[in-house]
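Here is the structure we will look at.
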Number of protein chains: 2
Amino acid sequence: MAEDDATTSAAGQLTPVSYLVLGLVARHGAATPYDLKSFVAQSIGNFWSFPHAQLYKEPPRLAELGLLAEEREEHGRRRRTFRITEAGRAALSAWLAEPDTSLGELRAPGLLKLAFAELGKPGDVEALASAQAAAHRARLKTYRSYTAMSADVMPWSLRRTLELGIAYEQMQVEFWERLLADCATGQHTRR
Amino acid sequence: MAEDDATTSAAGQLTPVSYLVLGLVARHGAATPYDLKSFVAQSIGNFWSFPHAQLYKEPPRLAELGLLAEEREEHGRRRRTFRITEAGRAALSAWLAEPDTSLGELRAPGLLKLAFAELGKPGDVEALASAQAAAHRARLKTYRSYTAMSADVMPWSLRRTLELGIAYEQMQVEFWERLLADCATGQHTRR
DNA sequence: CCAAGAATAGTCCGAAACAGACCGTCTGCA
DNA sequence: TGCAGACGGTCTGTTTCGGACTATTCTTGG
């Protein structure tokens, strides 16, 4: 397999983190790992946590694959700045072009606890539901405050993901509040 | 710290998987790792994937901590059967009793792709939205078929988590269908 | 002006998680 | 009776994960 087709040859080794990095670098023109860390923290990181160590490890790896170009300060903080290459842009485009049918995961500790609520003491569910509702309400509020951002810092695609985040949190709040209400009326063991 | 308080001493080393195993064993009285694997596959595994290797590794670990009791066939398939101990029941109760405020994660590859959609070709988003909507509709249908199950195999707590699953998938379907509709009318780049 | 502390920027490591290959055992039924 | 498919389990090599740790630069108030 020749190296002149980065799209094909590298695709197998690219993970979600890879595309996250490629996408962020492409969007911003150039970025240091630290920049990536910040971008992630205020966007996708809300849904999907990426340990920052990964955001430092991934760019050099992508550079080796020829998808990014690296340039490093010699002195001071020795920042590493990355830019996307043509091959990188191609790999990103190819990924964006293939529609994804995978469903992802919903790793919610509260949900796991609820699944075994029947084994706990009577009051436990109420407390859980109440805590969860509050936590999700808080996050919903945060998300809503983001909607005020201007289009410059928030491309439409990002705004769309924010909308999903809002819809998700709203659903969670409704779910836990409904559960709480049913607990109050003794409905929860029936149905 | 004395060993006579398993609740306190073991709590630090217990992960979500631990409680999943404790809970399943408690619910069913006794279980082999293989049973756990099956239980997980048809319930929580839909939201949160646990590699089966973990469900084989965790029970012996919990047995060492005194939270499970192990008993093994000497011949044939050499099944390992686990039962919950008093200490295990206590640890589980303690976990259920503390309300959880963590929000969990939403690891959805489609969402990641959407976040960078602005960098792709015009038709890409439609294809993605269409594929995602279809996938979530399919899962929604599966979940709905589960609601027919009797209360024997489906305790109320599990039924509740199923309800959340349904609400979640419904929200996803609506989100992607709305996006698709907006694409058709050229709305997506504005807003 | 300068010291303290906050924010910036990056490295490193051990412990888990993870995916999946692989291997025996048993049951039903053709 | 033989074999397909479900059962039941072990193992291994990578990645991921979380967090501790270091060093540089900026800010601010005394």
Side-chain angles (χ1 to χ4, degrees), chain A residues 10-21 24-25 28 30-42 44-45 47-65 68 70-82 102-105 107 109 112, chain B residues 10-21 24-25 28 30-42 44-45 47-65 68 70-82 102-105 107 109 112:
Chain A
Q13 318 178 41
L14 298 181
T15 65
V17 196
S18 313
Y19 293 111
L20 174 64
V21 171
L24 286 174
V25 172
H28 292 92
T32 66
Y34 187 82
D35 293 334
L36 298 177
K37 188 176 123 183
S38 318
F39 297 151
V40 167
Q42 55 188 250
I44 190 82
F47 308 128
W48 187 335
S49 83
F50 296 94
H52 71 277
Q54 268 185 269
L55 302 178
Y56 279 91
K57 228 177 287 178
E58 194 64 18
R61 220 194 105 227
L62 294 175
E64 265 182 50
L65 293 171
L68 291 180
E70 179 177 355
E71 149 187 9
R72 182 162 193 162
E73 286 181 358
E74 283 310 318
H75 303 296
R77 293 199 177 172
R78 302 175 33 92
R79 289 187 192 84
R80 305 174 127 193
T81 303
F82 294 87
S102 72
L103 294 162
E105 298 194 22
R107 302 196 170 197
L112 185 60
Chain B
Q13 319 178 40
L14 298 182
T15 64
V17 197
S18 313
Y19 293 110
L20 173 64
V21 170
L24 286 175
V25 172
H28 292 92
T32 67
Y34 187 83
D35 292 334
L36 299 177
K37 188 176 122 182
S38 319
F39 297 151
V40 167
Q42 55 188 251
I44 191 82
F47 309 128
W48 189 336
S49 85
F50 296 94
H52 71 278
Q54 270 185 268
L55 302 178
Y56 280 91
K57 229 178 287 178
E58 194 63 20
R61 222 193 103 228
L62 295 176
E64 265 181 49
L65 293 173
L68 291 181
E70 180 176 355
E71 146 188 12
R72 182 161 192 163
E73 285 182 0
E74 282 311 317
H75 304 295
R77 291 196 179 173
R78 300 176 36 89
R79 289 187 193 83
R80 306 175 125 193
T81 304
F82 294 86
S102 73
L103 294 162
E105 297 195 22
R107 301 197 169 196
L112 185 61

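The sequence lines fix the lettering, A, B, ..., with proteins before strands; numbering per chain opens at 1.
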Without decimals, in angstroms, what is the distance between [X] [atom1] and [N] [atom2]?
| X | N | atom1 | atom2 | value |
| --- | --- | --- | --- | --- |
| B/Gln54 | D/dT15 | CD | P | 18 Å |
| B/Arg79 | C/dT27 | CZ | C1' | 12 Å |
| B/Lys37 | D/dT10 | NZ | P | 12 Å |
| A/Leu55 | D/dT15 | CG | C1' | 15 Å |
| A/Arg78 | D/dA23 | CZ | P | 13 Å |
| B/Tyr34 | D/dA6 | OH | C1' | 6 Å |
| A/His52 | D/dT16 | NE2 | C1' | 13 Å |
| A/Lys57 | D/dG18 | NZ | P | 12 Å |

In terms of side-chain heavy atoms, does A/Ser38 have a donor or acceptor partner in A/Asp35 at a distance below 3.5 Å?
no

Checking contacts here: which listed nucleotide ([options]) is nearest the side-chain heavy atoms of [X]?
| X | options | answer |
| --- | --- | --- |
| A/Tyr56 | C/dT11, D/dG9, D/dG19 | C/dT11 |
| A/Arg107 | D/dG9, C/dC18, D/dG18 | C/dC18 |
| B/Ala53 | D/dG9, C/dG10, C/dG20 | C/dG20 |
| A/Arg80 | C/dT11, D/dG18, C/dA19 | C/dT11 |

Could you check whether the rings of A/Phe50 and A/Trp48 sit parallel, tilted or perpendicular, using 30° and 60° as the cut-offs?
parallel

Is there a side chain to side chain contact (heavy atoms under 4.5 Å, CB included) between B/Arg72 and B/Arg78? Walk through the geometry before answering.
CA-CA 6 Å; B/Arg72 182 161 192 163; B/Arg78 300 176 36 89; 3.2 Å; yes

Any carboxylate oxygen within less than 4.0 angstrom of a Lys/Arg side-chain nitrogen, looking at B/Glu64 and B/Arg61?
no

Across the strands shown, which category fits B/Arg72 at heavy-atom distances under 4.0 angstrom: base, sugar-phosphate, nothing?
sugar-phosphate

